[in-house]
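Beneath this line is the structure, given in structure tokens, with notes to follow.
Below, read A as the first sequence line, B as the second, and so on, with proteins coming before strands; counting in each chain starts at 1. Given the structure is predicted, the values throughout are model-derived calculations rather than measurements.
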Amino acid sequence: MIQTPATPGTAAVEGGAERSAPPPVLEAIGLSKRFGTRAALREVSLATHRGELVAIVGPNGAGKTTLLSILAGEARADAGTVSRPAAEIGWVPQQPALYGRLTVAENLRLFARLERCDDVAGAVDRMLAQSGLAERASDRVETLSGGNRQRVNVAIGLLSDPEVLLLDEPSTALDPRQRERLWEFLRGLVDAGTAIVYSTHQVQEAERHAHRVLVLADGEAVYSGSPRDLEETVGASGLGFEAAFVEFLRRRGH
Amino acid sequence: MRWLLLKDLQILRRSPLLVALLVVYPIVVAVLIGLALSRGPEKPRVAILNQVPEGGEVISLGGEEVDTSRYSQQLYDAVDPVRVGSREEARELVRDGDVLGALIVPSDITSKLQSGLEPATVEVLYNAEDPVKAQLVRDTIKSQVQDANAALGRKFTGVALGELDLLVSGGNFSLLGRDFAVLGLGPAERILAQARASLPPSSPVRGQIQQVVDFARFARENLDLSDEVLGSVAEPIRVDARVVDGAGATALSSFAVALAVTVSLMFVTLLLAAGTLALEREENAFRRLVRGLVSRTALLGEKIGLAALCSLVVALVMLAGLALFVGLEWSRAPLWVAAAAAGALGFAAMGAAIGALAREVRAASLLAFMISLPVAFVALVPSGTVSGAVYDATRVVSALFPFDPALTALGAALDGSGGMLLPLAHLLVLTLAFGAAARLGLRRFG
């Protein structure tokens, strides 16, 4: 098992710059989960910091969704701890969790009230502006495109202004243009200091956007570090991250 | 929780088809039941061929004239009569389906009634193409002929009793416009006793007269008893209806209203509770909601409350609508509310359990529909129509679902037949049981 450092001194960021890392905003230690006889997670640890984008990658059944579900408070770990209560973590499930017959603004307002936001109207206006959906505020969600639904989905996860945002396969089912707009939106959040942890099948997406990747295989964390470090570890810098990732898993017997 | 409730109401408001269905369905049921109760059953259309000549309907019994047309009129009132002029015409109407049957009253019916030597016969023609209608015609005519028979029988008995009384006590008798004095057994006995007393003790006639006196006494005493015997023959079986259970049975109209409201309450509540709960999962919102925003139990309570509240309003509107057709006691309105509310809660908890089990709106709606119909049918199986064991089984099955206690409670609330406490307690237990089942189902709902 490879554990990420609980309080890393530095974190690699895109472009090769280094910055000093504050204490983690979310830290999970030794998370394990079994479904019957199958071990879905085996003592996985993770820490993330303000303004950091962490991608969880791995083949199907590696435990990505299970890990995020535990961090989000949707599932309970058999062992291990999470430093932050679920209520303080923004959560964006893979499928947009929205009411199709309500408008964009009504969805945001409902969840802001359920989140017990102090200023419901302010939070709704802020998220409409941030997600670029102010003009569609009165449109029913069922009339929106998949990309715009996902933006509302993300906006709901951000209503309580969380320090940490978890996203499960956020760009699945989006076309390239919608995907690009989503990443623009997420990068804006990261620039504003939000820590984002997301799972993805798109290895190239992880390479392009993530500061750090956590590679899971068969419920085990087998790598944690920057995408470039993974290429160097494999010794396949010329082949690109995807090839290095596949080679890395092959060498580990996955 | 109130925000979720408002959200669901908002979604309902934006589902015009569903709301229309929920509103229109009970209104249609209420109007149909109301019309059925206020109009009564349709009279069967029957062709009538009356071959009795004008003025020939009157027969003379014991000096009294009896108009038999009175009895035939009762039959005509029970059907929608179509007068025809011949047997062929009657037969043709029946064959063509213009009438359900034909009744032919022969011309000799009054003379046969008058003579009493052979029974008078009426002829019934009917079309057996539709067995239900044929049965209706047979039953209607048979029932009316039996009524006429009974009425005539009573008349005959009355005449016979009058003649017997004349025979026993004596009096005047009128026949063909002439009056006769009839001595009677009682006076004859007295005269003979006086005649016997006037004879010398040694007269051999005394003994013979004594025999006649004894016979007259014997005949008078026994004929005195025959009025009771004749009364029994005229009406061998009387119906003495008594209420076994103190409070009495639910009136038919109240039962029909209770049934209509309970069926509507069941459908509306089950579909709403199952549908709105399943919708949370279908919209993927369930997992987001229960990760700290709202507890599973609160979410369940909201769905049960919403469904019960909406269907209670529908049920009360329906009761108010039915009150236009059927005389319902408005003073009992608080009891209607209690019964309908308890029933709505029971159905809502059952609907939530179905929604938690099915997890998809369409599957939940289908399952709710498929379960509710047999539950209603089983609850309505009357005793005596199936074997004892099967009936006991239907009672057990009915006790497991809210339909039967809801129907009982509503029937009791409408007309005070039977107590309400037991069905209300039954509904409370079922609400808790189905609520617990739904809560268990939510553990694997997301």
Using 4.0 Å as the upper bound for N to carboxylate O, is an ion pair formed by A/Glu74 and B/Arg287? yes
If I take atom CZ from residue A/Arg101 and atom CG from residue B/Leu279, how far apart are they, to the nearest 0.5 angstrom? 8.0 Å
Between A/Glu142 and B/Arg14, is the closest basic N to carboxylate O distance under 4.0 Å? no
Between B/Arg291 and A/Ile89, is any pair of side-chain heavy atoms under 4.5 Å apart? yes
A quick test of your reading: do over 12 heavy atoms of other residues, nucleotides or ligands sit less than 6.0 Å from CD of A/Glu184? yes
Could you pull out the closest heavy-atom pair between B/Arg288 and A/Phe111, with the gap in Å? CD-CE2, 3.6 Å
The single option from A/Arg116, A/Glu115, A/Arg113 passing side chain to side chain contact (heavy atoms under 4.5 Å, CB included) against B/Leu293: A/Glu115
Residue A/Asn107 versus chain B: region with a heavy atom under 4.5 Å: neither
Within a reach of under 6.0 Å around CG of A/Asp191, are more than 12 heavy atoms found that belong to other residues, nucleotides or ligands? yes
Toward chain B, the part of A/Pro96 with a non-hydrogen atom under 4.5 Å: backbone
So which part of A/Arg109 gets closer than 4.5 Å to some heavy atom of chain B, the side chain, the backbone, both or neither? neither
Part of A/Gln94 lying under 4.5 Å from any heavy atom of chain B: neither
List the atom of A/Ala97, the atom of B/Asn284, and the distance in Å for their closest heavy-atom pair. CB-O, 2.9 Å
Examine whether an atom of A/Ser160 lies under 4.5 Å from a heavy atom of chain B, and if so say whether it belongs to the side chain, the backbone or both; otherwise answer neither. neither
Can you check whether A/Leu114 reaches B/Leu4 side chain to side chain, under 4.5 Å on heavy atoms? yes
Examine whether an atom of B/Leu289 lies under 4.5 Å from a heavy atom of chain A, and if so say whether it belongs to the side chain, the backbone or both; otherwise answer neither. side chain
Can you tell me how far the CG atom of B/Asp8 sits from the CG atom of A/Leu102, to the nearest 0.5 Å? 9.0 Å
Look at A/Ala86, A/Gly157, A/Ala87 and state which one has the largest set of heavy-atom pairs under 4.5 Å with chain B. A/Ala86
